[in-house]
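Remarks on the structure that follows.
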Amino acid sequence: MSVDDLPPSSASAVTPLGSSVIPIVNKLQDIFAQLGSQSTIALPQVAVVGSQSSGKSSVLEALVGRDFLPRGNDICTRRPLRLQLVQTKPSSDGGSDEEWGEFLHHDPVRRIYDFSEIRREIEAETNRVSGENKGVSDIPIGLKIFSPNVLDISLVDLPGITKVPVGDQPSDIEARIRTMILTYIKEPSCLILAVSPANTDLANSDALQIAGNADPDGHRTIGVITKLDIMDRGTDARNHLLGKTIPLRLGYVGVVNRSQEDILMNRSIKDALVAEEKFFRSRPVYSGLTDRLGVPQLAKKLNQVLVQHIKALLPSLKSRINNALFATAKEYESYGDITESRGGQGALLLSFITKYCEAYSSTLEGKSKEMSTSELSGGARILYIFQSVFVKSLEEVDPCEDLTADDIRTAIQNATGPRSALFVPDVPFEVLVRRQISRLLDPSLQCARFIFDELVKISHQCMMKELQRFPVLQKRMDEVIGNFLREGLEPSQAMIRDLIEMEMDYINTSHPNFIGGTKAVEQAMQTVKSSRIPHPVARPRDTVEPERTASSGSQIKTRSFLGRQANGIITDQAVPTAADAERPAPAGSTSWSGFSSIFRGSDGQAAAKNNLLNKPFSETTQEVYQNLSTIYLKEPPTILKSSETHSEQESVEIEITKLLLKSYYDIVRKNVEDLVPKAIMHFLVNYTKRELHNVFIEKLYRENLIEELLKEPDELAIKRKRTQETLRILQQANRTLDELPLEAESVERGYKIGSEAKHEELPGTRRSRTETNGNGRLHM
Ligand SMILES: Nc1nc2c(ncn2[C@@H]2O[C@H](COP(=O)(O)OP(=O)(O)OP(=O)(O)O)[C@@H](O)[C@H]2O)c(=O)[nH]1
């Protein structure tokens, strides 16, 4: 088919062309237009781009065959115009020749038959959003044109690229318009109609430059060269049209639109099309290019490319719609059903409580379906806290770590009181061991606290997604379980305190694992001996125990260990030999009877003491007072400390104390390591697991509370409604696509290319869309 074959009057010349795919995309566009800016599905469309006043609107008008767009030398298109051309049946085909437009922003949608009213509405709607002073907005205007003289095409007329801001335009107007254009044309589903005026250098065409950015391979760009009639004398656009200047895969079409003068003189589009045709006929330079000249050819090409483009996109479009449908259905599901009956609400509440408690138990027991594989969770974390945090920390504690030899000696001396250290009683051991046991309390309480924190964490994990729509219930459940866990923490901590107090209250030196005094003495002696500490040279003890200082040199020899008998009588006993130590303790004595030691002064001291004691008091004192002058004592220092040095005997005593301390501490530590986790499990973890359901029922499952608990926030209701609407639209879109068989063979193409065109039916006649070829197939 050539331009010469076309009837001279209008775009209706190509009306037989058509396809069932464009109406489907148009339908989809309508469907998705309901979603407004929320629609994320890019549908196939044609965007018209070019610099300002390049003739974009003129091309669109020519395609429609009617004047309906604001045009002029100034900026006219200031908002994207989504234009759907819908072919209607002509009167000859049982339809009507009426043409009308419908704006999508009109509610209810109404038909506008007067096309100058359509133009005024576009101007008013543009002003409404973009202001009256040349402002630009990216919010599109939706317009449908119904006519028997148009081809089914969806186009978007975009604001022209401008360089210098005018009126209310911001200083970065060029960048803004470019960004706006790019948002449309960057979508692979968008065909680009790049309009360049022939009277400017094509190499500088803004349209081709921006199209090249979005479609570097030129797969989806059609070049349109306007204003061929006003090129410089002696120049022509032949090379441009042949793609020799800037090649484009889809090629170029040259057009001649009405000039501004034509518009002012009210020249009709029909006349303009005739003039265009004449123009090309009269220019021999354009001979042989008829397939790429004139508005009717442009319409045909556009339709043809669009149909192919849509066919190529349909499968992916279908899968995108399907994916969106699936995601939206899931989202809708997450908002749950609305239950209004009291019984239904009660059942819903009960099911939430039950599900929550099941989730809590199964997380603790390690049976949760959503168990992580990347980190420990639930019950496993509790075990970790018990074993790797609590027990491990206790095992690392050395009971003698913060006890120096001096501390122990001071404790021994303090325990002997004013009695000049005749014995090393069991008191220091008990005092020291109690002190060490008390240190176990804090980590044990902390362990309970850690487990409590874990349970709180678990309780948050158990909050099901469905509960998100009931913030009141979620909050109340959170409060209830929080309080309940705290209630469980108290008895577990009380039990821990009791356990530690029990351990401190009775030092069970009969414990089978306790080292016992005899063994301790023996080991201590060996340790001290083997360490071969040189005999310390006793320095006079500064002001602390003067009388002990005097005798310290002989103390080691004279001191001996005494066993303490059950009747409290201290038997004078030499330092036990190893054989003695092996011997069982006398009946009724404590197991550490060998521990106590006696500190005896030298024999001379003892005798002097005895002498003094034997003489009558008055006699003695009188003698003394008569013979001696007054002796003044040095004031004792405020803080008294035991001497820094200690004898071998003292070393043995210290060693014994340490051995006993360690041995007994080990027993207590084992008990605590065993019993504290048990107490926590019993009073906190298992108790809450067992009782949680009952507590929820008691606190929440109340007739008067149900309505309040199951109150949804308003925004959720809005979201549900919106998602429901999206779902409906996507379902509609899906159904629409189902109407179309996806196999390319079965999709009607509605036009013929190349040699086929020669046999094309007569212009002006319409072919039914469902007409089939001889094979019973739809025309391809
Ligand atoms: N002589 C002649 N004038 C044309 C042709 N195409 C458009 N014009 C004129 O150029 C001016 C701009 O045309 P429009 O169609 O408004 O251009 P536009 O690209 O839509 O402009 P904006 O939307 O403002 O960017 C108008 O006065 C048209 O009459 C043509 O092929 N030949």
Side-chain angles (χ1 to χ4, degrees), residues 47-64 66-83 119 122-123 126-127 130 133-138 140-141 143 155-167 169 173-174 176-178 180-181 184 192-200 202 205-208 210-211 223-233 235-237 240-241 252-269 271-280 283 286 293-295 297-298:
V48 188
V49 302
S51 54
Q52 197 182 303
S53 296
S54 54
K56 301 180 295 298
S57 306
S58 301
V59 168
L60 286 181
E61 278 191 335
L63 286 172
V64 176
R66 297 294 296 258
D67 292 78
F68 68 101
L69 292 173
R71 265 171 303 99
N73 287 320
D74 214 348
I75 183 164
C76 297
T77 313
R78 298 191 283 125
R79 278 178 67 180
L81 176 75
R82 285 182 183 276
L83 184 64
R119 179 190 295 137
I122 293 174
E123 282 167 350
T126 301
N127 289 343
S130 317
N133 198 8
K134 302 186 169 76
V136 173
S137 157
D138 56 2
I141 300 173
L143 171 64
L155 300 135
V156 187
D157 188 15
L158 291 164
I161 300 164
T162 181
K163 306 270 179 206
V164 184
V166 288
Q169 291 172 354
I173 183 76
E174 184 183 355
R176 284 190 191 210
I177 292 180
R178 280 180 185 276
M180 187 198 306
I181 293 174
Y184 282 86
I192 308 165
L193 208 59
V195 179
S196 315
N199 58 348
T200 58
L202 196 67
S205 161
D206 286 330
L208 290 174
I210 199 163
V224 179
I225 301 180
T226 58
K227 305 193 183 181
L228 292 177
D229 58 319
I230 51 171
M231 290 183 75
D232 266 355
R233 277 170 191 272
T235 60
D236 63 73
H240 299 342
L241 293 169
Y252 289 85
V253 179
V255 297
V256 175
N257 293 312
R258 289 173 300 171
S259 66
Q260 190 62 27
E261 191 186 3
D262 293 335
I263 293 163
L264 293 173
M265 295 187 53
N266 281 329
R267 190 176 199 179
S268 74
I269 290 182
D271 292 345
L273 282 169
V274 176
E276 183 190 44
E277 197 199 336
K278 269 189 191 158
F279 173 84
F280 288 126
R283 298 287 192 284
Y286 296 122
L293 291 175
V295 171
Q297 279 299 326
L298 175 63

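Order of appearance sets the numbers: ligands from 1, and atoms from 1 within every ligand. Quick caveat: nothing in here was measured; it's all calculated off a predicted structure.
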Would you mind listing which atoms of ligand 1 come within a distance below 4.0 Å of any non-hydrogen atom of [X]?
X	result
Val256	31 (O)
Gln260	26 (C), 27 (O), 29 (O)
Ile263	29 (O)
Asp229	1 (N), 2 (C), 30 (C), 31 (O), 32 (N)

| side-chain contact (heavy atoms from CB on, under 4.5 Å) assessment of Leu193 paired with Leu298 | CA-CA 10 Å; Leu193 208 59; Leu298 175 63; 4.2 Å; yes
| task | Would you mind reporting whether Leu208 and Tyr252 have side-chain heavy atoms less than 4.5 Å apart? | result |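 Tyr252 reaches Leu208 side chain to side chain.
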Is [X] touching ligand 1 with its side chain, its backbone, both, or neither, if touching means heavy atoms under 4.0 Å apart?
X	result
Val59	neither
Ile230	side chain
Leu69	neither

Closest candidate by heavy atom, reference [atom], pool [options]:
atom	options	result
atom 20 (O) of ligand 1	Ser259, Ser58, Ala272, Ser57	Ser57
atom 21 (O) of ligand 1	Gly160, Ser53, Gly50	Ser53
atom 29 (O) of ligand 1	Arg78, Gln52, Arg258	Arg258

| field | Parallel, tilted or perpendicular: ring planes of Tyr286 versus Phe280, cut at 30 and 60 degrees | value |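 Rings of Tyr286 and Phe280: perpendicular, over 60°.
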| query | Under the 3.5 angstrom rule, does the side chain of Arg79 hit a backbone N or O of Pro140 as a donor-acceptor pair? | reply |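 Indeed, once roles are kept as given, a pair shorter than 3.5 Å links the two residues.
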| Donor-acceptor contact present, side-chain Glu61 to main-chain Phe68, <3.5 Å |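 Yes: the side chain of Glu61 pairs with the backbone of Phe68.
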| task | Step by step, work out the side-chain contact (heavy atoms from CB on, under 4.5 Å) result for Ile177 and Val136. | result | CA-CA 8 Å; Ile177 292 180; Val136 173; 4.2 Å; yes
| task | Would you check the N or O atoms of Gly55, main chain and side chain alike, for any that come under 3.5 Å of an N or O of ligand 1? | result |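 Right, the criterion is met.
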| said: I'd like to know if Arg258 pairs up with Asp67 as an ion pair, taking the criterion as any Lys NZ or Arg NE/NH1/NH2 lying under 4.0 Å from an Asp or Glu carboxylate oxygen. | reply: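 Yes, Arg258 and Asp67 are salt-bridged.
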| Are Arg178 and Glu174 within salt-bridge range, i.e. N to O under 4.0 Å? |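 Counted as a salt bridge, because a side-chain N and a carboxylate O are separated by less than 4.0 Å.
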